[in-house]
Each structure stands twice: as C-alpha cells, then as structure tokens.
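Note that the numbering runs from 1 along the sequence shown for the chain. When reading the values below, keep in mind they use all heavy atoms of this one structure, side chains included, and skip hydrogens, waters and symmetry mates. These numbers come from a predicted model, not from an experiment.
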Amino acid sequence: MNMNNKPTRAELQQLLSAADDDAAHHMLWVGFDGEVHVDPIPSHLSPVGYYESMKDVMKIRLETFEQGNKYVGPTAQGDTNWVNLVFNALERDWANGFSGYQDLF
C-alpha cells in the first residue's frame with residue numbers, strides 16, 4: 001500500500017490481516033516514499049527504541065498497536081470502524097504533509 005497510489009481500505013485490511021497480534025506489539029508507519037508498513041516490534045526493543053532505530057525512514061507513525069488487543073490480524077481486518085479510523089488518519093495526515101507521531105485514541 002502506498003499513499004501516493006490512491007490507497008484503498010482493502011489494501012489496509014490486507015496489511016492488518018497479515019500481522020500476527022499474538023506475536024508482538026506492532027507499529028504502523030508510513031515512509032517518506034509513501035509506503036505503508038505494519039511491523040512487529042522486536043522483543044529486545046521498546047516502541048520508542050524501534051522508532052529511534054527507524055526514524056530516518058519514517059514520515060508518519062501511529063500509536064503502537066499493543067500485542068493481544070486485536071489492532072492487527074484477522075479480527076482487526078474485519079472491524080470496519082477500526083479500518084476506517086486508521087485509513088482516514090493516514091489519508092488526512094499524508095494529504096496535509098504531516099510528519100511525526102499520530103495518536104489515534
């Protein structure tokens with residue numbers, strides 16, 4: 001999914017569905033090139049530590065999706081309200097040229 005290529009909610013659903021909620025905390029972020037990522041945070045890093053290690057390539061990052069809360073995975077994919085919340089935040093922030101941390105809640 002790339003924010004420069006008319007992204008769709010279906011693409012976001014695929015990204016969310018591919019992540020394993022039971023495996024780790026996850027970070028959804030957008031690179032300076034517009035590519036959207038949903039990455040598991042390595043167990044040896046905190047969310048801030050992961051951000052610090054990746055900040056040179058992250059334009060936008062959303063609040064950390066904590067493990068076990070169903071923010072990623074099949075349940076998240078099927079939650080229309082959740083998908084819309086995330087999708088609308090990404091579209092708004094990308095269109096406005098926002099850079100930095102976005103708290104969805």
Side-chain angles (χ1 to χ4, degrees):
M1 175 176 167
N2 190 294
M3 297 307 296
N4 293 315
N5 298 331
K6 297 183 182 180
T8 66
R9 283 171 177 76
E11 289 175 308
L12 178 59
Q13 286 175 304
Q14 289 174 347
L15 282 174
L16 293 173
S17 180
D20 183 356
D21 186 59
D22 294 325
H25 301 311
H26 287 77
M27 188 173 292
L28 189 149
W29 60 278
V30 183
F32 288 97
D33 62 357
E35 198 64 31
V36 180
H37 305 263
V38 178
D39 292 346
I41 298 173
S43 61
H44 69 282
L45 291 175
S46 68
V48 172
Y50 184 68
Y51 166 72
E52 287 294 321
S53 74
M54 300 288 289
K55 67 183 177 184
D56 292 338
V57 295
M58 288 184 181
K59 179 172 176 54
I60 301 168
R61 76 174 178 103
L62 300 187
E63 181 174 349
T64 301
F65 299 158
E66 293 184 358
Q67 181 179 1
N69 284 321
K70 309 297 184 206
Y71 294 132
V72 298
T75 301
Q77 171 199 359
D79 184 340
T80 304
N81 291 332
W82 174 244
V83 171
N84 285 337
L85 178 70
V86 173
F87 188 82
N88 291 339
L90 291 173
E91 275 200 320
R92 178 191 64 239
D93 290 348
W94 189 256
N96 291 335
F98 177 80
S99 185
Y101 172 77
Q102 178 60 262
D103 183 357
L104 288 174
F105 308 101

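- Closest approach of N69 to D21, counting heavy atoms only: N-OD2, 3.4 Å.
- Nearest heavy-atom pair, I41 versus S46, reported as atom, atom and distance to 0.1 Å: CG2-O, 4.0 Å.
- Although no hydrogens or angles enter the test, the distance criterion places a donor-acceptor pair under 3.5 Å between the side chain of Q67 and the main chain of D22.
- Note that the CG atom of D93 and the CG atom of N88 stand 10.5 Å from one another [nearest 0.5 Å].
- Across every non-hydrogen atom of N2 and P7, the tightest pair is O-CD, 3.6 Å.
- Summarising the geometry of Q102 relative to R92, their closest heavy-atom pair is NE2-NH2, 3.4 Å, with the distance given to 0.1 Å.
- To the nearest 0.5 Å, atom OG of residue S43 and atom NE2 of residue H25 are 10.0 Å apart.
- Proximity of a side-chain donor or acceptor of D39 to a complementary backbone N or O of M27 within less than 3.5 Å is not detected.
- Under the 4.5 Å side-chain heavy-atom criterion for grouping Ile, Leu, Val, Met, Phe, Trp and Tyr, L16 is connected to M1 within one hydrophobic cluster.
- Each of F32, Y101, Y51 was evaluated against M58; a single residue qualifies, Y51, per the side-chain contact (heavy atoms from CB on, under 4.5 Å) test.
- Using a distance-only test at 3.5 Å, with no hydrogens or angles considered, a donor-acceptor pair links the side chain of D33 to the main chain of E35.
- The cluster map of Ile, Leu, Val, Met, Phe, Trp and Tyr, joined by side-chain heavy atoms under 4.5 Å apart, puts W29 and F87 in different clusters.
- The cluster map of Ile, Leu, Val, Met, Phe, Trp and Tyr, joined by side-chain heavy atoms under 4.5 Å apart, puts M54 and V30 in different clusters.
- Taking the six-membered ring where tryptophan is involved, the planes of F65 and W82 are perpendicular, since the angle between them exceeds 60° and thus also 30°.
- For the pair A19 and V72, the tightest heavy-atom approach, listed with the atom from each and the gap, is CB-CB, 3.6 Å.
- Q13 places a side-chain N or O within 3.5 Å of a backbone atom of Q77 that can act as its donor or acceptor partner.
- Here salt bridge (charged side-chain N to carboxylate O under 4.0 Å, His left out) pairs that include residues 41-60, with residues two or more places apart or in two chains, are E52-K55.
- For the pair P42 and Y50, the tightest heavy-atom approach, listed with the atom from each and the gap, is CD-CD1, 3.6 Å.
- Clustering ILVMFWY residues whenever any of their side-chain heavy atoms sit less than 4.5 angstrom apart, transitively, puts V57 in the very cluster that holds L45.
- Taken from CD in E91 to CG in L12, the straight-line distance is 10.0 Å, to the nearest 0.5 Å.
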ask   = So Y71 and T64, side chain to side chain contact (heavy atoms under 4.5 Å, CB included) or not? Walk me through it.
value = CA-CA 9 Å; Y71 294 132; T64 301; over 6 Å; no
